[in-house]
2 protein chains.
Amino acid sequence: MTTIRDVAKLAGVSVATVSRILNNKNNVTEKTRQKVEQAIKQTNYSPNQVARNLYKKRSKMIGIIVPYLENSFYAEIIDGIQKILQPAGYTALISFGAESDNDKYKQFIQNFEQNNIDGIITSAFDISLDNTITVPLVMYDSANIDDNIVRIASDNISGGKSCVELLGNNTRHVLIQHMSLSLPTVRERIEATIKELNHRKINYTLMEVGNPRISDDAKKAISFSPNYDAIITVNDLYAAEILKIANERNISVPQDIQIVGYDNNPISSYTNPAISTVDQHPEEIGETAANRLLKLIRGDTSSMNSITPITKIKRQSTN
Amino acid sequence: MTTIRDVAKLAGVSVATVSRILNNKNNVTEKTRQKVEQAIKQTNYSPNQVARNLYKKRSKMIGIIVPYLENSFYAEIIDGIQKILQPAGYTALISFGAESDNDKYKQFIQNFEQNNIDGIITSAFDISLDNTITVPLVMYDSANIDDNIVRIASDNISGGKSCVELLGNNTRHVLIQHMSLSLPTVRERIEATIKELNHRKINYTLMEVGNPRISDDAKKAISFSPNYDAIITVNDLYAAEILKIANERNISVPQDIQIVGYDNNPISSYTNPAISTVDQHPEEIGETAANRLLKLIRGDTSSMNSITPITKIKRQSTN
DNA sequence: CTGAAAGCGCTTACAG
DNA sequence: CTGAAAGCGCTTACAG
């Protein structure tokens, strides 16, 4: 590998001069600049970032943590992040598979810190136990919790309410399928759903999902369907699975049972009937998170949360 | 940040000794080891990888390039890669959005090299113009080309043939929707499709996709549907879109027209009818690529290609 | 405007 | 078994 020393030797100058030119500190003669640029081209030199990082104590890399990659929700968030960060000259180090495992989050963050990462954008986890993090950090897919963390929360209140608004007027009894209520985001949304159901005097039943395979949770939900006229699902992947099973069992959607999804996953528009859902605009979430992180990195340490808007999408799986 | 020097001072030893303990060079007294480990715990010290990388000239990071994240095909490949690489102690630097832009690939690779990356796993691109890459590199989603690059190719020959085998016996005229034939992978697959069609004396017509929005290509394809009894699509995303439009226009699938997808994207099992498709086992592709890269990094520089198997999946969109 | 030197935080020959 | 020193490839005060 060719180093700055090789370039300097070839150009007949010191390494300091080469460095200055590389970093556009423009206190150099045009003549030396030309010599050096010539030498750089000739040797096909490109500077070693690792050495730079060591000195500068920053890496122009940011770490991103997502629970898993398969859900396009997260893929779109990452896209949104990159849209902002790439033009700003940052490279992304992506860790995934954290799921809901707090230890994995911590492990990923430690790895980031060891690599002199400039900042972290992570999905929500219970950070309360860990006050050793010194790098700028933004949390997305979070509940709107008031602490010293910058949190990007989707408007879960409206989202939870929208799930009810998507249902037909004659709805009497709703099954609410949900992830663990120990997750603040889930609680925020489900509480809003329940509040709206109460407001409309609609009965409901809660059913927590817990199986590793979505299809098992879907079967469980559908097997109770005669008792309900609607299922508010965890998200579109669960909704699609439930719909598939309903189709197999000749249960008509929405006549026999209505199904509400969440996330406006591409899948939701391709099913038959298409699934009524709530779009969280993940790309916007990503952009918001990235912009907040850039602010933090630049020294604006205010920790106000951001709430990103949702959109209700009515399709054919509800009356 | 606490450095090795702080630990050394606290433990009353030299930095060299601390370093030895960190790296398990076990020529140290049990007593000094204890002192040092105590000091490490006390200071909550964790070594700076950047400094390590600079000296060692390797980073324990590998770079992954994917065309885009939204397609779960790539998400699963990344999962497969991580399954192998994570236990081996590597962290992933992921660049995406390369699409089919050779310049972006080069730019990403240069960025990787500047960061002392240990190896690269990239989707296929035209590398022929660039012989400056010195890092171990494996290419996936590639055609089976015989050069000095390690290529992981899906069994495109069987895949292309399978598309025809999924069709009913009475099929007479097939529309083949495809990406640019300048891409070797596409050529490999389509040629196999055509060969099998010829073998069965089935007529066909080629139609290249080119619109930024899948739905435009889908409309174009479906508008020709009266002339064909089957469409072999680019992949499941295109197939799902075509199916959706067919449903809207009351064109029956598979009675009026059969549709064949590719990739066994989750979407293909949720549509109605479900889409007949070909599974490339992306996770296995990722694992294979990662294993080959590890071999390269360890010095086994043989450049034999790997061909990963496909599976034909018959569903209801074909007769 | 340019160069010699110190230093970023590590690791590893080289001595002892 | 342990330490002092050199060096990984850069950047930036400090002189001149």
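Labels below follow one simple rule: chain letters A, B, ... track the order of the sequence lines, proteins then strands, and each chain is numbered from 1.
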Visitor: Is it the case that atom NZ in A:Lys60 sees more than 12 heavy atoms from other parts of the structure closer than 6.0 Å?
Guide: yes
Visitor: For B:Asp147, I'd like to know if atom CG has over 12 heavy atoms of other residues, nucleotides or ligands within 6.0 Å.
Guide: yes
Visitor: Looking at B:Asp6 and B:Thr3, would you say the former's side chain and the latter's main chain have a donor-acceptor pair under 3.5 Å?
Guide: yes
Visitor: Could you tell me the separation between the CG atom of A:Asn48 and the P atom of C:dC8, rounded to a whole number of Å?
Guide: 18 Å
Visitor: C:dT2 phosphate, OP1 or OP2: any side-chain N/O from A:Thr32 under 4.0 angstrom?
Guide: yes
Visitor: Ignoring hydrogens and angles, tell me if any N or O in the side chain of B:Arg187 forms a donor-acceptor pair with the backbone of B:Leu181 under 3.5 Å.
Guide: yes
Visitor: Where are the stems of DNA chain C, defined as at least 3 consecutive Watson-Crick or wobble G-U pairs with both distances under 3.5 Å?
Guide: C:1-3 with D:14-16, C:5-12 with D:5-12, C:14-16 with D:1-3
Visitor: What's B:Val13 touching, base or sugar-phosphate or nothing? Going by heavy atoms closer than 4.0 Å.
Guide: sugar-phosphate
Visitor: Tell me the interatomic distance from A:Gln49, atom CD, to D:dC10, atom P, rounded to whole angstroms.
Guide: 10 Å
Visitor: Can you tell me how far C1' of D:dC10 sits from NZ of B:Lys57, to the nearest Å?
Guide: 13 Å
Visitor: If you draw a 6.0 Å radius around CZ in A:Arg5, do more than 12 non-hydrogen atoms from other residues or ligands fall strictly inside?
Guide: no
Visitor: Within this structure, what is the CZ-to-P distance between A:Arg5 and C:dG3, rounded to whole angstrom?
Guide: 14 Å
Visitor: B:Thr288 side chain to B:Glu284 main-chain N or O, any donor-acceptor pair under 3.5 Å?
Guide: yes
Visitor: Check the phosphate of D:dT2 against B:Thr29, side-chain N and O only, distance under 4.0 Å to OP1 or OP2. Yes or no?
Guide: yes
Visitor: Using whole Å, what does the distance between atom P of nucleotide D:dG7 and atom CG of B:Leu54 come to?
Guide: 14 Å
Visitor: Taking the side chain from B:Ser72 and the backbone from B:Ala75, do they hold a donor-acceptor pair closer than 3.5 Å?
Guide: no
Visitor: What does the B/S/- profile of nucleotides 11-16 of chain D look like, 5' to 3', with a 4.0 Å heavy-atom cutoff to protein?
Guide: BBB---
Visitor: Atom OG in B:Ser46, atom CD in A:Gln110: separation rounded to 0.5 Å?
Guide: 5.0 Å
Visitor: Over how many whole Å does the gap from B:Ile21 atom CD1 to D:dT2 atom P extend?
Guide: 8 Å
Visitor: Going by the angle between their ring planes, with limits at 30° and 60°, are B:Tyr105 and B:Phe125 parallel, tilted or perpendicular?
Guide: parallel
Visitor: Between C1' on D:dC1 and CD on B:Gln34, what's the gap in Å once rounded to a whole number?
Guide: 16 Å
Visitor: Should B:Thr3 be listed as having a side-chain N or O under 4.0 Å from OP1 or OP2 of C:dG9?
Guide: no
